[in-house]
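Inspection log for the structure reproduced underneath, given as structure tokens.
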Amino acid sequence: MHNYIQENKERFLNELIDLLKIPSVSADPSFKGDVSNAAQFLKERFQELEMDRVEIYPTNGHPIVYAEKIVDTSLPTVLVYGHYDVQPADPIELWHSGPFEPVIKTTEIHPEGAIFARGACDDKGQMYMHLKAFETMVKTGNLDCNAKFIIEGEEEVGSVNLEAFIRANQAMLAADVILVSDTGMLAKDVPSITTGLRGLSYVEVEVVGPNRDLHSGLYGGAVANPINVITEMIASLQDENKHITIPGFYDDVLEISDEERSEMAKAPYNEMAYCNSIDIKETAGEKGFSTLERATIRPTLDVNGIWGGYIGEGAKTVLPSKANAKISMRLVPNQDPEKITQLFKDHFEKIAPKSVTVKVTPHHGGEPALTPIDSDEYRAASLAVEEAFGKKPIPVRSGGSIPIISMFEKILGLKTILMGFGLDSDAIHSPNEHYGLFNYYKGIETIPLFYKYYAQIKK
Ligand code: BES
Ligand code: MN
Ligand code: MN
């Protein structure tokens, strides 16, 4: 298989480049045609792979691409999940090259080159590794498991139509394990497997004061300013220890044992390098927890955007009529996003002074996920990564969210292996997102080993 990958290296990369040229931004309706072109592109690439079945399923939003190859019903079945949609490219002026004009450049971390484009790592590059790994297995006669692929176009907007699709197609999606590459690893020479994801509760708040913008001289001092109020309210949601003050917020948090915490602390980590990589002088967060813990096993509350009043040039003296903010709460096992959203809403309404009215609007959320490490699938993944990297992978919890993972477990009763090959420095969701060529090819090499070990263990 190694030879096949070497011989087809260039083409594997060129196909990914073609996919990256399609601006499949799911959040922006003006890209709807491009999103469906990306689905069509994948359908065609699957059709070149001797699949038994390839289909595009339209949804109320963006289409789902499905493909399968059943070699032998007595073999275990791997269901691969990934997404072909990407985040918006904004702020576009901060890109050094066009977000949809992929280029290969070297970086300090990727001296052998990385491909720069929106979606390079999240998740087109990582998802496409699975097609090329599958191709490698088929063409070299090494496909040890049945394979099914479900590639969606709405992950970055909350996978809103995927749940219904899974519910309606349970027989078609029947499998033994779900395999996903949409997360990261600790470093190129420190392989890891993600064993947990945070959930998400996302709300938008509006604070309304007077019925129109007022002269800040005539009214200032006598009428509550919605921006002053919203900032005070938001500030009060965390105490001086950066503990979230919403009553009941921590009730269901799964506290992890000291033993697991000390296991986690063994992951190589350098606080100074962390700070330097994002140009900050020191980290900040909940008292009593390490940086790694704060970013993975602890829940958070962050303002993602805040607006109101006059932000144009010069000084306009205005006491604005309203202020808004978007707030995300990253959740950990066993917090329930709907419950947390309700707790937030009740609390935010309660702390509002009488001088304003507040409105809380929930957006999409997602449940946290945990994967056991004493399972057949984890053992297979660990062996695969160990063989490919020459080092046993470290199990690590991640701070990001992939809401559909908990749905797979609830609806299909399947556990997921989060075998991701991205790096934190790949700048996913940021300008100049990229994906290392080393990581791309290493992923293509590792995936068939998972199939191999999984089939062996399941025999
Ligand atoms: N692939 C990411 C999530 C991720 C990245 C998990 C790195 C772990 C490590 C995914 O595409 C993503 O961005 N998810 C969103 C949630 C979604 C509801 C918009 C997120 O985490 O913000
Ligand atoms: Mn992703
Ligand atoms: Mn993403």
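One-based numbering along the sequence shown. In each ligand, atom 1 is the first atom listed, and ligand 1 is the first ligand listed. As the structure is a computational prediction, the values presented were derived from the model and not from experiment.
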At under 4.0 Å between heavy atoms, what of Gln87 touches ligand 1? The answer is neither
Proximity of Ser159 to ligand 1 by residue part, where a heavy atom lies under 4.0 Å: neither
For the Mn ion (ligand 3), find the closest N/O/S atom on Asp122 and give its atom name. OD2
Name of whichever N/O/S atom of Glu156 is nearest to the Mn ion (ligand 3): OE2
So which heavy atom in the protein is nearest [atom], and how far is it from that ligand atom?
atom	result
atom 22 (O) of ligand 1	Arg330 NH2, 2.7 Å
atom 19 (C) of ligand 1	Glu156 O, 3.6 Å
atom 4 (C) of ligand 1	Asp182 O, 3.6 Å
atom 11 (O) of ligand 1	Glu155 OE1, 2.6 Å
atom 7 (C) of ligand 1	Ile428 CD1, 3.9 Å
atom 2 (C) of ligand 1	Asp122 OD2, 3.8 Å
atom 6 (C) of ligand 1	Gly400 CA, 3.7 Å
atom 16 (C) of ligand 1	Ser401 O, 3.6 Å

Do we get [X] above [Y]'s six-membered ring, with its NZ or CZ under 6.0 Å from the centre and within 45° of the axis?
X	Y	value
Arg167	Phe165	no
Lys442	Phe421	no
Lys124	Tyr84	no
Lys105	Phe116	yes

At less than 4.0 angstrom from any non-hydrogen atom of His364, what atoms of ligand 1 do you find? 18 (C)
Contacting atoms of ligand 1, where contact means under 4.0 angstrom from a heavy atom of His83: 11 (O)
Would Arg53 and Glu55 count as a salt bridge (Lys or Arg N to Asp or Glu O under 4.0 Å) here? Give the steps. CA-CA 7 Å; Arg53 181 167 168 192; Glu55 224 117 13; 3.1 Å; yes
Report whether any nitrogen, oxygen or sulfur of His429 sits less than 2.8 Å from the Mn ion (ligand 3) (N, O or S, backbone or side chain). yes
For Phe149, the option from Phe46, Tyr128, Tyr66 that meets ring pair (Phe, Tyr, Trp, His ring centres under 6.0 Å): Phe46
What do you reckon, is CD1 of Ile311 surrounded by more than 12 foreign heavy atoms closer than 6.0 Å? no
Are more than 12 heavy atoms from other residues, nucleotides or ligands located less than 6.0 Å from atom NZ of Lys415? yes
Verdict with reasoning, Lys287 to Lys242, per side chain to side chain contact (heavy atoms under 4.5 Å, CB included): CA-CA 7 Å; Lys287 195 174 171 196; Lys242 291 283 176 281; over 6 Å; no
Is there a salt bridge (Lys or Arg N to Asp or Glu O under 4.0 Å) between Asp376 and Lys458? Walk through the geometry before answering. CA-CA 7 Å; Asp376 289 344; Lys458 281 290 172 189; 3.2 Å; yes
Decide whether an N or O pair under 3.5 Å exists between Ser398 and ligand 1. no
